[in-house]
Amino acid sequence: MITILLGAPGVGKGTQAQLAAGAHGWIHLSTGELLREEVAAGSELGTQANEFMSRGDLVPDEVMVGMVAARIESLSPEDVLLLDGFPRTLVQAKALEAASPSGSIGLALYFTAADSVLTQRLLGRGRKDDTENVIQHRLSVYRETTQPLVAFYSERGLLSEVNADRPVEDVQSDFLNTVQNALGKTNLA
Ligand code: AMP
């Protein structure tokens with residue numbers, strides 16, 4: 001089953017996914033992490049992607065879709081994949097739908113927190129693209145381009161919302177319950 005983690009930068013998707021994946025043998029796929037590995041390796045893709053990332057812009061859809069599609073193809077039916085940071089655009093969401101076996105997208109988990117909380121968390125994280133200006137730009141790109149995916153997955157009956165402005169373990173507990181619940185439904189299907 002594919003679980004999509006939606007929510008603004010800084011909402012804690014990565015932390016939550018890492019915890020859940022570690023505890024349950026699920027696969028955590030963070031496109032941001034994959035890109036940062038390419039940057040660190042100095043690959044051509046990394047060099048090109050870094051221009052977008054350092055500005056807080058999105059890396060072009062075709063690059064991202066290519067990156068994820070190959071991994072979707074290698075999934076086994078019993079795998080649980082936590083998609084963290086993808087899709088971020090409607091083009092990506094539609095490409096994911098097309099690349100995924102029918103019925104395999106079981107859940108879109110939408111993490112929410114106030115903007116002031118997001119900004120504080122991002123500033124505290126200290127990543128290279130976590131400077132004040134770049135953060136503000138990433139949040140506005142998120143609102144314009146990624147936020148519409150909430151409606152996209154809601155229309156498909158896949159959306160579940162989690163209040164992420166709470167202690168990590170409380171968010172994790174809701175996260176796990178929601179994924180288990182969705183897994184139960186796909187197993188019955
Ligand atoms: P993240 O670690 O998810 O915050 O991603 C860091 C940066 O990588 C983003 O600000 C984007 O520049 C880029 N990125 C990651 N995932 C995507 C995606 N699905 N589409 C476009 N750009 C992405």
Side-chain angles (χ1 to χ4, degrees), residues 2-21 26-73 75 81-100 105 107-113 115 117-150 152-153 158 162 164 168 171 175:
I2 298 171
T3 291
I4 294 154
L5 308 182
L6 282 176
V11 83
K13 302 184 294 291
T15 306
Q16 291 294 333
Q18 214 175 344
L19 274 173
W26 298 340
I27 304 164
H28 174 203
L29 183 66
S30 157
T31 46
E33 275 304 319
L34 289 180
L35 290 168
R36 281 186 288 279
E37 282 166 17
E38 294 286 341
V39 174
S43 70
E44 196 180 325
L45 189 151
T47 311
Q48 286 169 2
N50 196 32
E51 285 191 31
F52 297 93
M53 296 165 77
S54 57
R55 292 196 301 260
D57 283 323
L58 295 182
V59 173
D61 285 330
E62 53 276 19
V63 175
M64 301 313 302
V65 168
M67 207 174 231
V68 173
R71 285 167 171 88
I72 300 283
E73 272 166 30
L75 278 185
L81 174 69
L82 305 176
L83 263 186
D84 166 13
F86 184 95
R88 262 176 157 96
T89 67
L90 274 172
V91 169
Q92 293 178 14
K94 288 178 182 161
L96 174 65
E97 220 168 46
S100 306
I105 303 176
L107 177 66
L109 207 52
Y110 176 38
F111 294 86
T112 58
D115 271 10
V117 174
L118 302 173
T119 311
Q120 279 317 306
R121 284 193 189 164
L122 290 167
L123 282 171
R125 197 162 72 170
R127 219 166 68 187
K128 251 197 343 223
D129 57 345
D130 283 339
T131 60
E132 185 107 40
N133 284 344
V134 177
I135 288 172
Q136 290 315 325
H137 185 60
R138 289 207 335 262
L139 288 174
S140 79
V141 168
Y142 169 77
R143 278 190 290 268
E144 275 171 36
T145 314
T146 309
Q147 184 83 37
L149 298 185
V150 172
F152 179 88
Y153 288 111
L158 293 172
V162 176
V168 171
V171 178
F175 178 177

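Whatever order the structure lists them in is the order used to number ligands and atoms, beginning at 1. As a basis for the values below, the full set of heavy atoms in this structure was taken, side chains included, without hydrogen atoms, waters or symmetry mates.
Using a 4.0 Å cut-off between heavy atoms, L35 contacts ligand 1 through its side chain alone, with no backbone atom that close. Contact annotation: for D57 versus ligand 1, heavy atoms closer than 4.0 Å belong to the backbone alone. For M64, every heavy-atom contact with ligand 1 shorter than 4.0 Å involves the side chain, none the backbone.
For the pair R55 and F52, the cation-pi test (distance below 6.0 Å, angle within 45°) is passed.
Nearest-residue assignment for atom 22 (N) of ligand 1 (options V59, V141, V134; heavy-atom criterion): V59. Comparing heavy-atom distances from atom 3 (O) of ligand 1 across R88, K13, E51 singles out R88 as nearest. Heavy-atom proximity to atom 20 (N) of ligand 1, evaluated over R138, Q92, M67, is greatest for Q92. Of the listed options T89, T31, L96, T31 places a heavy atom closest to atom 16 (N) of ligand 1.
Considering backbone and side-chain atoms alike, R127 places an N or O below 3.5 Å from some N or O of ligand 1. Polar contact with ligand 1: absent for E33 (N/O pair, distance under 3.5 Å).
In this structure, E97 does not pair ionically with K94, as no charged nitrogen and carboxylate oxygen lie closer than 4.0 Å.
Panel note: side chain Q16, backbone G12; no donor-acceptor pair is recorded below 3.5 Å.
Closest to atom 19 (N) of ligand 1, if we only count protein heavy atoms, is G85 O, 2.8 Å.
At a 4.0 Å cut-off, at least one heavy atom of R36 sits close enough to ligand 1 to count as contact.
Expressed to the nearest 0.5 Å, how far CG of L83 lies from NZ of K13 amounts to 12.0 Å.
Between F175 and W26, the two ring planes are tilted [angle within 30° to 60°].
Remark: aromatic rings of Y153 and Y110 are distant, center separation not under 6.0 Å.
For the residue pair T89/D61, the side-chain donor-acceptor check at 3.5 Å is satisfied.
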* **Intermediate values then yes/no, side-chain contact (heavy atoms from CB on, under 4.5 Å), I4 and L109** => CA-CA 6 Å; I4 294 154; L109 207 52; over 6 Å; no
